[in-house]
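In this text, all values refer to a predicted model and were calculated from it rather than measured experimentally. By convention here, the first residue in the shown sequence is residue 1.
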Amino acid sequence: METLRTLPGDDVRQIMWRFADRYDIQMTVQSARSLARTLVARLVAEGARHTHEWTDHKAQLLDAFDSSGLTALFMDPHQGGFIEGPKNLALALVAFELAWVDAGAATCSLATNLALAPIHERGTPDQRDSYMSRCVPPQPGEDRTIIRGAFALTEPLPYVGVETNTLVGKLRVAEWEEGKEPILQVDKRGRFITGMDFANFATCAVDTDDPRIKTSCIVIVEDTDEGLFDRGAPTLKMVHQLSSTRDPVFNLKVPASRIVGGYTVKDGVIVPNYTHSEIIGAVFHRTRVPVALMSTAKLLSAVEPVIRYHRQRFRGGDAQPGTPKFDLGIQQKQDAVLRLAEVWAMGEAGASLGFETARLFDQLDPSEKEKDRIFSEQGIMGPKSQLSALRKVEKQAIELLGLEAQPEGQRDEARIEALKADPLVRYATLEALANILCPACKLWNTGQGANMMREVLALMGGYGITEDCPGFLFYKWTDCQLEATYEGPEAVQRRHLSITMTNEVFLARLRIWIEEFNILAATRPETGAGAVAASMELWLWTLEFLHRAKDPSGARLYHNRRQNVTFPMADALCWVMASRAQVGDVLELAEKGPENPIVAEGLEGTLGFFADLSMVQAARAAGECARVCAQMVYGFGPQDEAELAAFEALRAGIDRATAGAALAKDRAGQALTQVMIPEALDYPQ
């Protein structure tokens, strides 16, 4: 039977992750990969990670980012960039490629983008063009230096990473002469701020400390402003050492025009157009995705080094070429390859979920701008007012999803086109999904990814971990711990999901997926679609049960403050969403693979292998989902017998849907013993 011949190359990945027709993104990926496997790998090998100080050695990264085009990736062409339109997928792929070697380098690359993100999402046109144009390398004939930025959100203890609505950074009016622009006093102490060693400006979250300023906001400070721009002490961190991190102190005077998004003056009070939380929401909605994919890159990058290590390190001194002991080493033992197959399966699921989310945000970006324009014209401002207005179009959004799910020829195409032409309906459908996939990939890819990286290290022997660990795997494992915390720790993601996963538009989409995957299970059972469908059905039934059930004291089970219920259900949903996305990528490869002559050669084996991984992961996800749902249904009992019987029938369906999963893992493990790998590592140690 045909099996996987070689490790999947770019042609396969371009199809699965949907950028086969984007030459600009392909070139960006090549630039990032070249930089990662040369300079970044050399810095790690030479011990640049052995200090948390920013050194001249590490500073080579900045010039390399500039010369490779990565610095300008975030900008539009008229600002000095080279990709028109949304760039979420491009940024996610760059983070993935850099983190393949070292996630600290990836974080360093993204630091200025993160500082610019508040300006990009909510800044005025002048703010956007001014700062983004100055952050790209000078064009021929230009005489200027590049400016770089930092994003100062986190606060001194005890508020670090816990409560972003609580700000200790303060903003006051320093001077306000009649007829002139107000001058503001910014007092901000940041903590764990990335990029501070080389930042020329910072976007700071501050709260009002003056009755003449109405709300919190984000304000831009520069190192040339009057006052104190102290970069602070280096953060004593043990991970991501290739990025710069310090605890800065700002005490500066800036003009009011530095308030991100602008302001108005009403009755003698400065009213920022956006509060800091409104801006942060828009920023983290997107920037969490590249961080999620950093952990995923580590899992997939571990496959080749582990295969090589198992085949070569464990040959033994008397093994002769051509013998199983020489060719396979420890891969003669089934456990080694089966556990590596599980690592690969989880890495594939994480990549599928992360890149699907990035592509979704590329669709959402223009839709969100159109929504903002419409609401602005209607005078609907502020998140609560916008949320209330969007609820009025939820019925149309659900109707659109239902119509699109009907078979071609039976659909009311005219009604579909009418609904799709409504920008608010389109936005509501996309936003409901983005509100699930974004926190899901950040939570699942980093949290479960860190757990699985421990498994990767466990596949090494004692020397493997301590002396000759290939592929920088030990560093990658420790880096994962930080990625699970960056841009909101796990509790923040679970809280986000516990609110958004009850959105009726999302639940309507979930019901459609259940129908689609049940049909798919009949035609492509090898993908694990049946297990995914059964998992989604059990999760949805349990959610509905939790809304109507009570505990023995009469308290409702599903409640915002009952995180022993909401958080496990959020975790279970993440497993299912990742597996669903993985099945989608396998189907995409099956459909588009034959059109590519390189992929077509050996496609049967490649496709069969990816389907096996998908089945392995679907069975694992189904088990996790069933475990959580059982805890919810039985854990707060006793419950009605009819309810329990209904649940048990659904859970039995999950067990049956995983039929063949062990055989799929056997095949995937066997494929790992036969797949060809390069003669040397893809980057130097």
Side-chain angles (χ1 to χ4, degrees), residues 79 112 115-135 144-145 147-153 155-156 164-190 193 196 199-232 248-280 282-283 372 376-377 379 381-383 385:
Q79 298 161 341
T112 295
L116 287 170
I119 303 171
H120 181 268
E121 298 303 326
R122 291 293 182 266
T124 65
D126 286 345
Q127 288 171 343
R128 280 199 295 271
D129 286 345
S130 172
Y131 283 93
M132 300 190 79
S133 299
R134 293 159 62 196
C135 286
R144 63 174 175 83
T145 57
I147 65 168
R148 308 185 195 276
F151 183 32
L153 169 64
E155 301 299 316
T164 55
N165 289 323
T166 305
L167 288 173
V168 295
K170 299 299 180 186
L171 189 67
R172 296 181 291 279
V173 175
E175 305 165 17
W176 195 352
E177 297 181 21
E178 183 70 25
K180 293 186 178 179
E181 181 182 12
I183 302 298
L184 308 177
Q185 183 73 39
V186 180
D187 185 7
K188 173 80 175 180
R189 297 175 67 88
I193 304 304
M196 269 315 304
N200 305 103
F201 72 95
T203 39
C204 303
V206 290
D207 202 359
T208 175
D209 191 33
D210 192 315
R212 292 172 290 176
I213 303 174
K214 185 174 182 181
T215 67
S216 68
C217 65
I218 287 184
V219 64
I220 307 166
V221 301
E222 298 185 4
D223 57 358
T224 55
D225 289 329
E226 178 185 347
L228 178 68
F229 189 98
D230 186 342
R231 300 180 189 278
V249 180
F250 304 119
N251 192 320
L252 298 158
K253 289 183 179 179
V254 303
S257 59
R258 298 278 190 81
I259 294 175
V260 173
Y263 65 96
T264 56
V265 176
K266 186 175 182 181
D267 299 329
V269 174
I270 297 170
V271 183
N273 291 337
Y274 299 101
T275 67
H276 88 285
S277 59
E278 290 171 354
I279 299 174
I280 289 170
V283 169
D372 288 341
S376 177
E377 290 177 354
M381 306 297 288
S385 299

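Distance OG1/Thr145 to CG/Asn200: 6.5 Å, rounded to 0.5 Å. For the atom pair CZ (Arg128) and CD1 (Ile119), the distance works out to 10.0 Å, reported to the nearest 0.5 Å. Of the inter-residue distances, the one linking Ser257 atom OG with Leu184 atom CG reads 8.5 Å to the nearest 0.5 angstrom. Interatomic distance, Ile259 CD1 to Gln127 CD, rounded to the nearest 0.5 Å: 9.0 Å. Once rounded to the nearest 0.5 Å, the distance linking CD1 of Ile220 with CG of Leu252 reads 13.0 Å.
Looking at every heavy atom in both residues, Arg144 comes nearest to Ser133 through NH2-O, 3.4 Å. Contact detail for Arg258 and Val221: the closest heavy-atom pair is NH1-CA, 3.9 Å. Considering all non-hydrogen atoms of both residues, Val249 and Arg189 come closest at CG2-NH1, 3.9 Å. Residues Tyr274 and Val260 come closest through the heavy atom pair CD1-O, 4.3 Å. The shortest non-hydrogen separation linking Pro255 to Ile183 is CA-CD1, 4.0 Å. Scanning all heavy atoms of the two residues, the minimum distance from Glu121 to Ala282 falls at CB-CB, 4.1 Å.
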Under the side-chain contact (heavy atoms from CB on, under 4.5 Å) rule, what do Lys170 and Val206 come out as? Steps first, then yes or no, please.
CA-CA 5 Å; Lys170 299 299 180 186; Val206 290; 6.0 Å; no
Dump the intermediate steps for side-chain contact (heavy atoms from CB on, under 4.5 Å) on Thr215 and Thr208, then the final yes or no.
CA-CA 6 Å; Thr215 67; Thr208 175; 5.6 Å; no
Let me see the working for Asp223 and Arg231 under side-chain contact (heavy atoms from CB on, under 4.5 Å), right down to the final yes or no.
CA-CA 10 Å; Asp223 57 358; Arg231 300 180 189 278; 4.0 Å; yes
Yes or no on side-chain contact (heavy atoms from CB on, under 4.5 Å) for Asp187 and Leu171, after CA distance, side-chain angles and deciding distance?
CA-CA 6 Å; Asp187 185 7; Leu171 189 67; over 6 Å; no
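Side-chain contact, Asp209 with Gln185: no donor N or O sits under 3.5 Å from an acceptor N or O. The closest side-chain donor-acceptor pair between Tyr131 and Glu222 falls under 3.5 angstrom. Side-chain atoms of Gln79 and Asp129 include a donor-acceptor pair closer than 3.5 Å.
Without hydrogens or angle criteria, Glu181 side chain to Trp176 main chain gives no donor-acceptor distance under 3.5 Å. Distance alone, capped at 3.5 Å, places no donor-acceptor pair between the Asp225 side chain and the Val254 backbone. A donor-acceptor distance shorter than 3.5 angstrom exists from the side chain of Lys188 to the backbone of Ala205, with no hydrogens or angles considered. For Asn273 (side chain) and Gly261 (main-chain N/O), a donor-acceptor pair under 3.5 Å exists by modelled atom type.
When the options Thr203, Ile193, Leu116 are evaluated for a side-chain contact (heavy atoms from CB on, under 4.5 Å) with Phe151, the one that passes is Thr203.
Ile270 places a side-chain heavy atom less than 4.5 Å from the side chain of Val173. The side-chain heavy atoms of Leu153 and Ile280, taken from C-beta on, include a pair separated by under 4.5 Å. In this structure the side chain of Cys135 never reaches within 4.5 angstrom of the side chain of Met132, judged on heavy atoms. Using a 4.5 Å cut-off on side-chain heavy atoms (C-beta onward), Glu278 and Arg122 make no contact.
Crowding of Glu377 atom CD: a count of heavy atoms from other residues, nucleotides or ligands under 6.0 Å exceeding 12. Heavy atoms of other residues, nucleotides or ligands lying less than 6.0 angstrom from CD of Glu226 number 12 at most.
Ion pairing of Glu175 with Lys253 is present here, as a side-chain N (NZ or NE/NH1/NH2) and a carboxylate O approach within less than 4.0 Å.
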